[in-house]
Structures are given as C-alpha cells and as structure tokens.
Amino acid sequence: TGLYQLNSKIYVTGWAYGEKGSIWSMDLDGTNQKRVDLEGEYSEGQRIILYRGNIYVGGWFDNGSCYWKNGSKKNLTVNADSMSWGISFDDNGDQFNVGYYMKSHSLIPSFWKNGKRQDLSRPKHGDGEAKYIEVVNNKKFIGGTTSAPHNFLGYITKPTYWVGGQRITANIGSVDDGWQNSEVFDMHVDDQENVYLAGFSQDMDSEYPTYWINGDKHILSESGVIRGINVIDDVVIAAGTLSYFPGTPVLWAGSEKYVYDEDAVGEVWDMLIMR
C-alpha cells in the first residue's frame, strides 16, 4: 500500500494475505526486482520512505505497531491494539511515526518521536487515527480522521489534521442535508503549508471522491474515492476509482477526468508523479 521513488528506483511495500509484509524494489522499467520480507507474524507494510540510504516502512504485526529499517522490525507499542502508518524525518534527523493505540475501548491518535509515543487531541468521548505525516519548513503536519459521538448515527468520522499541537477538523457537510461520514486515504502539504486531505465523503446514497484544502470540501465526481493526491503548478492531481468497490481506475487533473479503461474493474491504492 506504500509507494516511493528515488532516482532510478521504485520501492513498494504491502503484504500478501496469510503471509508476511514485504518491500519490493525495481528499476523504473520493472527490471532488477528484489523482495525483502518484513519481520514479524502477519506483518503489514503501510508507508515507505528512504532516508540516508536506508529503507523505512511504517506498519504493524500481530502484536502491535512497529516500523522496519531495511526489513528489521523495531517495536513501537506492543501487547496492545496499536497500528502505525506514516513515517518521516525532520531536518534534525528525528524520526516520526504516526498511528493510534487503543485505551479503554477508545482509539487514541498518536505519534512516536524516535520511538517515544505522544498523544494527539481527539473529540471528547471520540476516537482518532493518525495516518500520514509530512515535514514542510521543518514543521510536522499529521493527517488522519477523528470520530465524534452522534445521538442518531453513533459516530461521525471527519478528516482531521494536526500541526503544532492544534487539531483542525475538516467540513463534511451538514447531517441535516444527509452527509454522514468520510474517510481519508492520502495527504499532501505544499510549500505554502496548505494541507490537502483526500478520500471520500458520504451521504445516505453514495460515497463521493472528495479532497479538502485546509478543511474546505471539494467533490470531484458523482461517486467514487480518491486514494492519492498531489499538486503540480497549482493543479490538483488525484487518482482513485469511480464507484467505491468494485471501481473503475480514474485520474483527475483539475477539472478534467481521465478514465483508464471503461471496462476495467479494480482499485487504485497509490499514486506516484515523476518530474
């Protein structure tokens, strides 16, 4: 589920059902493929980066959250329901992992700085999951979701990001107008520190491919989901599927929509732009 490109190499992480997670590397033309298994039972790699010549993967295994350095597992929170996703480094060389752990039946959004966990804020009596981290101007931007209790719907999930200890919750629309939920699958932060979250928003009829700029909501199509987002020359580039599952692979570039194959049925999970 993670994709990273550096120079002439592409690096991918994920897992096979019933097996361990893996790191795959290959040249841009698909040759010289190599695979490294991730230590730990039922390990799953989620996000991958290269830093100072080493391959880092954020994820989890059957006994908690962890990350891997060149395939070797480093525990974060174990003997607990805990997962990690995003991983990054700041200008000081400090390592940050983001995810959550469970406490008293609640999901606590959190990050680990050099392996030491710190909590992020969440709604009262609610839950949270931190999934993505980007370091821009040496500031840490963490993206994910939070869920707040609702008398009729149980919980309402909203896109959320944290920066400098502040929690910003995005708009999904009024419950009175039918909007009920959302999910976030990617984050991008530009040099001006604008925060883009991407995924879907949901009403009683369907899921809609949606991105948020600093919390403001933008719907791209009549149904579907965004899995990857970037911004090139002020144009929003988004990749995902039309309809939720099964779906048709699609790319949005500004106001234009490009369907890869009208007859294709599948899911898009990540996007890589090489310039």
I need the minimum non-hydrogen distance between [X] and [Y], along with the two atoms involved.
X      : Y      : answer
Ser221 : Leu242 : OG-CD2, 3.7 Å
Ser201 : Lys217 : OG-CE, 3.4 Å
Lys124 : Pro149 : O-CD, 3.7 Å
Trp68  : Gly58  : CZ3-C, 4.2 Å
Ala238 : Ile226 : CB-CG2, 3.8 Å
Ile87  : Asn97  : CD1-ND2, 3.5 Å

Listed partners of [X] passing ring-ring contact (aromatic ring centres under 6.0 Å, His included), at least two apart:
X      : result
Tyr100 : Trp85
Tyr56  : Phe89
Tyr211 : His218
Tyr196 : His188

Would you please say whether a donor-acceptor pair under 3.5 Å links the side chains of [X] and [Y]?
X      : Y      : result
Arg35  : Ser22  : yes
Ser65  : Ser82  : yes
Thr77  : Trp112 : yes
Arg167 : Thr146 : no

Set of residues satisfying side chain to side chain contact (heavy atoms under 4.5 Å, CB included) with respect to Gln166, sequence neighbours excluded
Ile168
Would a hydrophobic clustering, with Ile, Leu, Val, Met, Phe, Trp and Tyr connected at side-chain separations under 4.5 Å, put Ile219 with Val184?
no
Are Leu38 and Leu50 co-members of a hydrophobic cluster defined by side-chain heavy atoms under 4.5 Å apart?
yes
Could you tell me whether the side chain of [X] and the main chain of [Y] form a donor-acceptor pair under 3.5 Å?
X      : Y      : answer
Trp15  : Tyr42  : no
Asn70  : Ile55  : yes
Asn75  : Cys66  : no
Thr241 : Pro249 : no
Asn137 : Lys139 : no
Glu207 : Phe200 : no
Asp203 : Gly178 : no

Can you pull the side chain to side chain donor-acceptor pair (under 3.5 Å) pairs that have at least one residue in residues 171-182, sequence neighbours excluded?
Thr157-Asn181
Checking side chain to side chain contact (heavy atoms under 4.5 Å, CB included) for the pair Ile156/Ile172: CA distance, chi angles, key distance, verdict?
CA-CA 10 Å; Ile156 295 179; Ile172 67 167; 3.7 Å; yes
Should we say atom CG of Asp234 is surrounded by more than 12 heavy atoms from elsewhere, each under 6.0 Å from it?
no
Calculate, to the nearest 0.5 Å, the distance between atoms CG and CG belonging to Asp81 and Asn63 respectively.
11.0 Å
State which residues pass side-chain hydrogen bond (donor to acceptor under 3.5 Å, both in side chains) with Lys158; sequence neighbours excluded, sorted by chain then number.
none
Run the side-chain donor-acceptor check on residues 26-33: report pairs under 3.5 Å with partners two or more places apart or on a different chain.
residue : atom : partner : partner atom : Å
Asp27   : OD1  : Lys9    : NZ           : 3.0
Asp27   : OD2  : Thr31   : OG1          : 3.4
Asp27   : OD2  : Asn32   : ND2          : 2.5
Asp29   : OD1  : Thr31   : N            : 3.1
Asp29   : OD1  : Thr31   : OG1          : 2.6
Gln33   : NE2  : Gly30   : O            : 3.0

Only counting residues at least two apart or in another chain, list the ones meeting salt bridge (charged side-chain N to carboxylate O under 4.0 Å, His left out) with Glu44.
none
Pairs satisfying ring pair (Phe, Tyr, Trp, His ring centres under 6.0 Å), at least one member in residues 116-148, at least two apart:
none
Apart from Phe111 itself, members of its ILVMFWY cluster (side-chain separation under 4.5 Å) are Phe96, Val98, Leu120, Ile133, Ile142, Trp162
Members sharing Tyr101's hydrophobic cluster, built from side-chain contacts under 4.5 Å between Ile, Leu, Val, Met, Phe, Trp and Tyr, are Ile108
